[in-house]
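For reference, the structure is listed below as structure tokens.
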Amino acid sequence: MIRLFDRLQLWLERATGLLCLVLLGCLFVEVLNRYVLGISWPEIQFIIPFCFLWMCMLASATAVRRRQHFEVDLISVLFSERGVKIHQIVILAGVALGGLVLAWSSIAFLELGLLKKNPSTGIRMIYIYASLFLGSLLIALFAVERIINAGWER
Amino acid sequence: MDFSFALITLLASFVVLFSLGLPLAFSLLFSSVLVITLDPALELLVLPLKIYSGINSFLLLAIPGFMFAALMMNRVGITEDIVRLSDLIVGRIKGGLSHINVVSSMLMGGVSGSSTADVAGIGAILIPAMNKKGYSRGFSASLTAASSSIGSIVPPSILMVIYGASANVSIGALFVAGYLPGILVGLQQLGIAWWYAHRTGIDPGTKLEIPLREKITILVRGLIPVSVILVIIGGILTGVMTATESAAVASVYVILVGLFVYRRITAAMILDVAIETALLTAIVMFCVGTATLFGWLLSFYGILDIAGDLFLTHASNPLVFLLLATLLFLFLGTFMDPAPAMLIFVPVLAAVASTIGADPLQLGILIVMALAVGKITPPYGISLLLSCTIAEISLSKAMGWTLVFFGAFCLLLAAVILFPQITLFLPNLLVPELVGR
């Protein structure tokens, strides 16, 4: 199972890297369009938030697996080795629950995205809003995987 | 729902969850969810709406641009060129290596805007060289950590981008305002380094004559990092680009320089750097999203009125307010990462600042400086920990000199509070149209 998650993480990271490059490329093209080409591409106004939101939400999920979210560990020094492990599992359960709550609340947001359209392009906003739903689910998934791994560790 | 009860629940649950070790973004999320669930006037839809509006900020799009440019420059080996250029400029002065350390940090800060990148890059080259020359390991580690703090003060600075977006202050004006304090920090550290070399009698400076041709080569290669600074700052100051666009242009420029000048960039390296950029940006931005939700709830329940009243009663003088804000961020910086510390407190403080007549630009520079020095103060002092690891000494051995640098930095903070012109002179002179926006 770890291999499957490793592969998922790898693909997600590649996707976030590509989204980052497209995002920077679009911002650069905007400057180029304004001063050199003298044209305007309304699609860029949709691509930029699309890339940024998806990049942030997918990379937030991989950050859960890499344990890179900001945290302050003040109390684990008070615990025994077993206590530290239980503490870690409780924290991960909290992260998983957080992901699920956000995913749950994002369902209504998805419905809103079906109605709302991008003012520059007319493309439905669900394509951007869906990043919150999927990103939160992945956060929960990676947190659960870490709980299972922590449970197996001796 | 009673507003004061809601506020207490929101703040107390956040403090408890964060102290228990839940990641910051999730502590902010859970405390917000708790209050939204308890309050029948609010719906859960607020959650994604506010998180989305927090992340979807054009100003904060500058973060991945600056991060990408900084990471890419480190990969192509620009650090060595910066150190060589600094050697050419200050290497002959007494205490040459320590001066090179400080000047390199000033130049590097202008390129990367990240202090940890600075310690990792410059420290790895200079700390072993300084130790070999007879500097105490404690001094070389604490000087490297202290000088890296300039990276957050000299533009471009990611912390300034976050402050600008949170406090609705022009990022261009903040960048310009950071120059003078950054240079003063550098001069102060150069003074301490000179005094150390003078007192101990080590490192009389390079006496070797560098051939003219080599000097020209060093200068030309040193122009590359300087040209990146020009692209970023020049673009913003001339009004040709926004901070966000200049960050993207700098990224493309760095790729082109890496491809055609250094010839070290591969497609795999670009993707690798992009992945790292995405990860580092996402960690900040997910916090931005949940902090926006949390901040919205705070203002919904009237924290701005309460904080405003509190400051108007006890610290209505802008000087006292700036002092208290600086002390707060000095304290927060000791155990928290600068970005989340800003995201939580800046919106409230910036609103209070405008009420009592404190300058938001001056407040921003003070906050950035206070958080920058937090990176050399334990327990969170990540720059100090990194430089101690490179110097192969324990934290306690570097504490003496770190306290000297910390004390000097605090004196400068006091000067910035007392003399607003240190921060406001350059913006008023160069970008008056951006000041007060």
Side-chain angles (χ1 to χ4, degrees), chain A residues 13-21 23-28 30-31 34-35 48-49 52-53 55-64 66-76 87-88 90-91 94-95 97-99 101-102 104-106 108-110 112 128-129 131-133 135-136 139, chain B residues 17-27 29-30 33 36 43-49 51-52 55-58 60-61 64-65 68 235 240-241 244-249 251-252 270-289 335-337 339-340 380:
Chain A
E13 285 181 345
R14 282 185 185 166
T16 56
L18 287 174
L19 286 165
C20 178
L21 290 175
L23 170 72
L24 295 175
C26 284
L27 286 167
F28 178 72
E30 266 208 319
V31 180
R34 190 162 66 234
Y35 292 107
I48 289 173
F52 195 48
L53 262 292
M55 180 189 91
C56 288
M57 291 310 296
L58 295 182
S60 291
T62 59
V64 169
R66 284 169 167 249
R67 213 190 159 176
Q68 283 194 316
H69 280 287
F70 297 125
E71 58 186 36
V72 173
D73 192 359
L74 297 174
I75 60 163
S76 68
H87 173 250
Q88 194 192 345
V90 171
I91 293 297
V95 172
L97 188 63
V101 169
L102 188 55
W104 169 256
S105 62
S106 297
F109 194 53
L110 281 176
L112 192 69
I128 297 178
Y129 291 178
S131 62
L132 254 75
F133 176 73
S136 327
I139 285 172
Chain B
L17 290 170
F18 190 47
S19 310
L20 285 175
L22 195 67
L24 178 80
F26 294 91
S27 306
L29 181 73
F30 270 114
V33 168
I36 291 170
E43 283 186 39
L44 263 184
L45 182 63
V46 174
L47 233 75
L49 271 174
I51 292 175
Y52 171 79
I55 299 176
N56 189 25
S57 152
F58 185 75
L60 293 173
L61 280 171
F68 183 89
V240 172
M241 293 178 271
T244 304
E245 288 169 343
S246 77
V249 172
S251 303
V252 175
I270 294 174
L271 185 63
D272 220 31
V273 170
I275 289 170
E276 206 178 334
T277 304
L279 186 74
L280 295 173
T281 307
I283 294 165
V284 175
M285 291 311 298
F286 194 58
C287 275
V288 170
F335 67 93
M336 251 177 120
D337 195 84
Y380 187 75

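Every heavy atom of this structure was used, including side-chain atoms; hydrogens, water molecules and symmetry mates were not. Letters A, B, ... mirror the listed sequences (proteins, then strands); counts begin at 1.
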With a 4.5 Å cut-off on heavy-atom pairs, point out which of [options] contacts chain B the most.
options: A/Thr16, A/Leu53, A/Leu18, A/Leu132; value: A/Leu53
options: A/Ser106, A/Gly25, A/Ser105; value: A/Ser105
options: A/Gly135, A/Gly98, A/Ser136; value: A/Gly98
options: A/Gly94, A/Ala108, A/Cys26, A/Pro49; value: A/Gly94

Heavy-atom proximity to chain A below 4.5 Å, by part of [X]:
X: B/Val288; answer: neither
X: B/Leu20; answer: both
X: B/Leu29; answer: side chain
X: B/Phe30; answer: side chain
X: B/Val252; answer: side chain

Non-neighbouring partners of B/Phe286 that pass ring-ring contact (aromatic ring centres under 6.0 Å, His included), sequence neighbours left out: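 Listed in chain order: A/His69, B/Phe26.
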Working for side-chain contact (heavy atoms from CB on, under 4.5 Å), residues B/Thr277 and A/Leu24: CA-CA 11 Å; B/Thr277 304; A/Leu24 295 175; 5.6 Å; no
Non-hydrogen atoms of A/Gly17 and B/Ala274 that approach each other most closely: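 That would be O-CB, 3.4 Å.
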Minimum side-chain heavy-atom gap A/Leu112-B/Leu49 below 4.5 Å: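 The answer is yes, as the side chains (C-beta and beyond) meet within the 4.5 Å cut-off.
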How long is the span from the [atom1] atom in [X] to the [atom2] atom in [Y], to the nearest 0.5 Å?
X: B/Ser251; Y: A/Leu21; atom1: OG; atom2: CG; value: 9.5 Å
X: A/Arg66; Y: B/Leu279; atom1: CZ; atom2: CG; value: 5.0 Å
X: B/Ile51; Y: A/Leu102; atom1: CD1; atom2: CG; value: 4.5 Å
X: B/Leu60; Y: A/Cys56; atom1: CG; atom2: SG; value: 9.5 Å

Matching residue for B/Pro64 among A/Leu27, A/Leu23, A/Leu19 - test: side chain to side chain contact (heavy atoms under 4.5 Å, CB included):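 Only one option passes, and that is A/Leu23.
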Leading residue by heavy atom contact count with chain A [cutoff under 4.5 Å; candidates [options]]:
options: B/Asn56, B/Val249, B/Leu61; answer: B/Leu61
options: B/Asp272, B/Leu271, B/Leu280; answer: B/Leu271
options: B/Ser19, B/Ala247, B/Gly289, B/Ser57; answer: B/Ser19

Region of [X] that comes under 4.5 Å of a non-hydrogen atom in chain B:
X: A/Glu13; answer: both
X: A/Cys20; answer: side chain
X: A/Phe133; answer: neither

Exam field: side chain B/Tyr52 to backbone A/Phe109, donor-acceptor pair closer than 3.5 Å: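 No: the side chain of B/Tyr52 does not pair with the backbone of A/Phe109.
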Check: B/Val240 main-chain N/O paired with A/Arg34 side-chain donor or acceptor under 3.5 Å: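 Side chain of A/Arg34 to backbone of B/Val240: a pair is present.
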Intermediate values then yes/no, side-chain contact (heavy atoms from CB on, under 4.5 Å), B/Leu47 and A/Val101: CA-CA 9 Å; B/Leu47 233 75; A/Val101 169; 4.0 Å; yes
